[in-house]
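In what follows, every chain begins at residue 1, and chains take the letters A, B, ... in the order their sequences are listed.
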Amino acid sequence: MDGKHGILGNNPLLRLGLGICPAVAVTTTALNGLGMGVATAGALLLTSFVMGLIGGALNEKARFAVTLILSAAFASVAQMVLRGWFPALNDSLGVFVPLIAVSSLILCGGSEAAGRGFGAAIADGLVMGIGYAVAMTLLGAVRELLGRGTAFGAAVLPAAYEPLLLAALPAGGLMLLGIAMGLYNAVFGRGRNGKEGA
Amino acid sequence: MSNLTRALLFLVSCVFTQNFVFVRLMGGSALLKKAGSVATAAIVGGYTALVMAVSAALNWIVYKKALVPLGAKSLYLVAFAAVALLSAWLIALALKRVSPRVGKALGENGAALAVNCAVLGASLIGMGGGIVRAALTGLFGGLGYLLALVLLAGVQERLEFSRVPESMKGLPISLVSAGLIALAFMGFIGL
């Protein structure tokens, strides 16, 4: 591992802005955030695994296409696993499970994994995936707490708490993610930010 | 209701009440693209709308006419991704031939960036009806994406001249302003 990405130091979601689509769409509860984060991390790890093996043999242009196809294949796997073993979670994540296929986290991570050696590719995929899952869970937990007054479905705030409906809506999700990124930058200092991706 | 009225209602629904970026949240890429000027945003948005329409229609054909008869439904994601990438690449190639200015705005890897949540999302959502509905979901959804991209570029142009705290500069402040636009889009619910 070369420390290029990290769980805290260079978080893929909060610093690089990778995988923003589902990060706002499904993080209405902590459990959804965790489920989506783990599913995406799993697909990323598998994609990095294969790209670490074969990536060196591909040129720059082919890498993106191969990563996309691999990512789509492993997103299908993630969907089957969720549908079979966690049907309730699968229903609440909805269309965003197949959309893992075009997560910029995997597309960037997989393309980068190519040609960096097998060990580095795996380590990077693992660290980025965990970092993403942690960030997703935290964002989900904050939105759930503000929007419903619960944590992982259990009531934690007194009944008198008036839920802040905005936190559960798309608008609130965008704002909270923006604020979370700002806080992250303030705490961990600024690095490269706003890298392109989907 | 005539077909035309239905199509118009569908247009309003896709562009405003079910906007791909601000309501469905399938266009995170729109938030990240440093669109630069509003004009560039319009070109990139128009290109994405085209890709969405073409790939949604092609994916409908691939799914209903090839994957379902062959009993290979579980391969749908791989097929959709391949079709989307191919149509993005071909459309970029065609547009570059027609106008060099468009080619410049799309950049070197325009096709790669075009395969995003919005494109695949349009294909997935469009699967529910007929092929016309699939193509229109892509096209109208793409127009919503175009609108979002232009709005965000406008906001970003203004942000250049405002004093933003150091840690909020760039992506964070873009996200917060996108949230405010999304709040405004909620006003369209009930149209």
Side-chain angles (χ1 to χ4, degrees), chain A residues 14-26 60-61 64-65 68-77 79-80 95-104 107 111 166 169-190 193-198, chain B residues 19-34 73-82 84-86 89 107 109 111-121 123-125 127 164-186:
Chain A
L14 297 175
R15 163 65 43 78
L16 305 173
L18 295 172
I20 278 193
C21 277
V24 182
V26 302
E60 292 286 333
K61 291 222 162 173
F64 182 82
L68 180 68
I69 300 300
L70 283 174
S71 160
F74 292 126
S76 312
V77 174
Q79 191 182 23
M80 288 169 199
V95 73
F96 285 92
V97 177
L99 284 179
I100 290 175
V102 285
S103 166
S104 54
L107 296 183
S111 303
L166 179 65
L169 293 171
L174 287 165
M175 288 184 214
L176 281 171
L177 179 59
I179 294 167
M181 285 176 142
L183 284 175
Y184 179 86
N185 285 337
V187 174
F188 292 99
R190 277 203 83 112
N193 199 341
K195 214 180 138 186
E196 79 287 309
Chain B
N19 186 284
F20 257 80
V21 177
F22 296 122
V23 183
R24 286 196 202 269
L25 294 170
M26 286 184 187
S29 54
L31 307 166
L32 292 159
K33 273 185 188 129
K34 292 211 182 64
K73 267 197 222 172
S74 52
L75 287 177
Y76 78 103
L77 266 180
V78 177
F80 285 10
L85 182 63
L86 203 65
W89 183 66
N109 41 6
L113 292 178
V115 182
N116 57 31
C117 275
V119 172
L120 190 61
S123 295
L124 293 171
I125 293 171
M127 231 22 85
V164 179
E166 186 55 37
S167 54
M168 288 295 282
K169 269 184 190 154
L171 196 50
I173 195 70
S174 295
L175 278 169
V176 174
S177 14
L180 288 172
I181 303 178
L183 208 55
F185 265 75
M186 282 172 60

Checked A/Ala65, A/Pro170, A/Ala101, A/Ser71 vs chain B; the most non-hydrogen pairs under 4.5 Å come from A/Pro170
Select one option (side chain, backbone, both, neither) describing which atoms of B/Leu183 are under 4.5 Å from chain A's heavy atoms. both
Closest approach of A/Phe96 and B/Arg24, non-hydrogen atoms and distance? CZ-O, 3.4 Å
Looking only at A/Ser76, A/Gly173, A/Gly178, A/Ala25, the option with the highest number of non-hydrogen pairs under 4.5 Å against chain B is A/Gly178
Heavy-atom proximity to chain B below 4.5 Å, by part of A/Leu169: side chain
Just do the side-chain contact (heavy atoms from CB on, under 4.5 Å) check on A/Leu68 and B/Val115 with the steps written out, would you? CA-CA 9 Å; A/Leu68 180 68; B/Val115 182; 3.9 Å; yes
Let me know if A/Leu166 has heavy atoms under 4.5 Å from chain B in its side chain, its backbone, both or neither. side chain
Under a 4.5 Å heavy-atom cut-off, does chain A meet the side chain of B/Leu86, its backbone, both or neither? neither
Identify the two heavy atoms, one from A/Ile69 and one from B/Val78, that lie closest to each other, and give their separation to 0.1 Å. CG2-CG1, 3.8 Å
Nearest atoms (heavy-atom pairs only) where A/Gly182 meets B/Met168: CA-SD, 3.4 Å
B/Cys117 to A/Cys21 - nearest heavy-atom pair and separation: SG-SG, 2.9 Å
Answer yes or no: is there a side-chain heavy-atom contact under 4.5 Å between B/Leu25 and A/Leu174? yes
Starting from the C-alpha separation in whole Å, work towards a yes-or-no answer on side-chain contact (heavy atoms from CB on, under 4.5 Å) for B/Met26 and A/Val95. CA-CA 10 Å; B/Met26 286 184 187; A/Val95 73; 3.4 Å; yes
If you tally heavy-atom pairs under 4.5 Å against chain B, which of A/Ala73, A/Ala186, A/Ala23, A/Pro98 wins? A/Pro98
